[in-house]
Amino acid sequence: MTRWWRPELGLAVVVLVLGVLVVVGTLDVSAAASRLGIGPRFFPMLVGGAMVLIGLFYVADVVRGGHGDPEESEDVDAAAPTDWRSVGLVSGIFLAFAALLNVLGWIIGASLLFFGLSVALGAEHKLRAAGIAVVMGVATYLLFVKGLGVTLPGGPLEGVI
């Protein structure tokens with residue numbers, strides 16, 4: 001790697017590429033516009049366009065020598081090594097959640113996700129963490145499905161709630 005490559009540039013490129021992907025993916029959306037003329041492509045295009053714009057400005061800033069400010073929080077040790085075990089556990093839990101979501105359904109999958117993350121991040125009272133995880137799984141399911149009309153996979157509990 002040459003000297004011009006820094007982590008900030010990597011993040012800037014990721015933001016730019018994600019913005020382009022959102023805009024390109026939104027071009028395939030076709031549905032009638034609402035009474036106000038705002039269709040289902042409006043907000044994704046707005047967000048994607050903003051990401052592209054921010055990504056471009058961020059890339060330009062990093063190429064000109066800009067860099068992120070060092071952490072100045074009093075409870076963070078910037079010299080401490082990364083806890084790769086926790087990073088691996090959290091990543092594995094998210095990947096397992098994504099892989100098993102359609103099989104387990106939202107309530108069971110999200111409950112396992114919340115419980116697994118709490119344990120991986122150091123929860124001491126596992127029974128309490130499990131109870132809170134189930135409440136959060138059910139609450140988010142009800143909020144999205146019943147409150148917002150979003151379809152989430154039911155899994156084995158399909159039709160129960």
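Only this structure's heavy atoms are used, side chains among them; waters, hydrogens and symmetry mates stay out.
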Closest approach of S86 to A120 (non-hydrogen atoms, all atoms of both residues)
OG-O, 4.1 Å
On a heavy-atom basis, the closest approach of G48 and V23 is C-CG2, 3.6 Å
Interatomic distance, CE@M51 vs CG@L21, rounded to 0.5 Å, equals 8.5 Å
Which atom names give the shortest non-hydrogen contact between L104 and P156, and what distance separates them?
O-CD, 3.1 Å
Is I107 reachable from F144 through a run of I, L, V, M, F, W or Y residues, each pair having side-chain heavy atoms under 4.5 Å apart?
yes
L152 side, atom CG; L143 side, atom CG - distance, nearest 0.5 Å:
9.5 Å
Do the side chains of L127 and V119 join up, straight or via other hydrophobic residues, at under 4.5 Å, putting them in one cluster?
no
Would V63 end up clustered with V17 when hydrophobic side chains under 4.5 Å apart are linked, directly or stepwise?
yes
Same hydrophobic cluster for I108 and M136, using side-chain heavy-atom links shorter than 4.5 Å among ILVMFWY?
yes
Side chains of V87 and D83: closer than 4.5 Å at any heavy-atom pair?
no
Establish whether V135 and L121 are linked, either directly or via other cluster members, by ILVMFWY side-chain heavy-atom contacts under 4.5 Å.
no
What distance do L16 atom CG and L11 atom CG have between them, rounded to the nearest 0.5 Å?
11.0 Å
Rounded to the nearest 0.5 Å, how far apart are OG of S118 and CD of E124?
11.5 Å
Least distance between heavy atoms, P44 atom then T26 atom:
CB-OG1, 3.3 Å
Give me the atom names and distance for the closest heavy-atom approach of S111 to A133.
O-CB, 3.3 Å
Once you round to the nearest 0.5 Å, how far does CG of D61 lie from CG of L56?
12.5 Å
Measure the spacing between CD1 of I93 and CG of L89 and express it to the nearest 0.5 Å.
5.5 Å
Does a side-chain heavy-atom distance below 4.5 Å link V145 with T151?
no
Residues forming a ring-ring contact (aromatic ring centres under 6.0 Å, His included) with Y58, sequence neighbours excluded:
none
Taking it one step at a time, do L27 and M45 satisfy side chain to side chain contact (heavy atoms under 4.5 Å, CB included)?
CA-CA 8 Å; L27 294 176; M45 289 295 271; 4.0 Å; yes
According to the ring pair (Phe, Tyr, Trp, His ring centres under 6.0 Å) rule, which pairs have a member within residues 96-139, sequence neighbours left out?
F97-W106
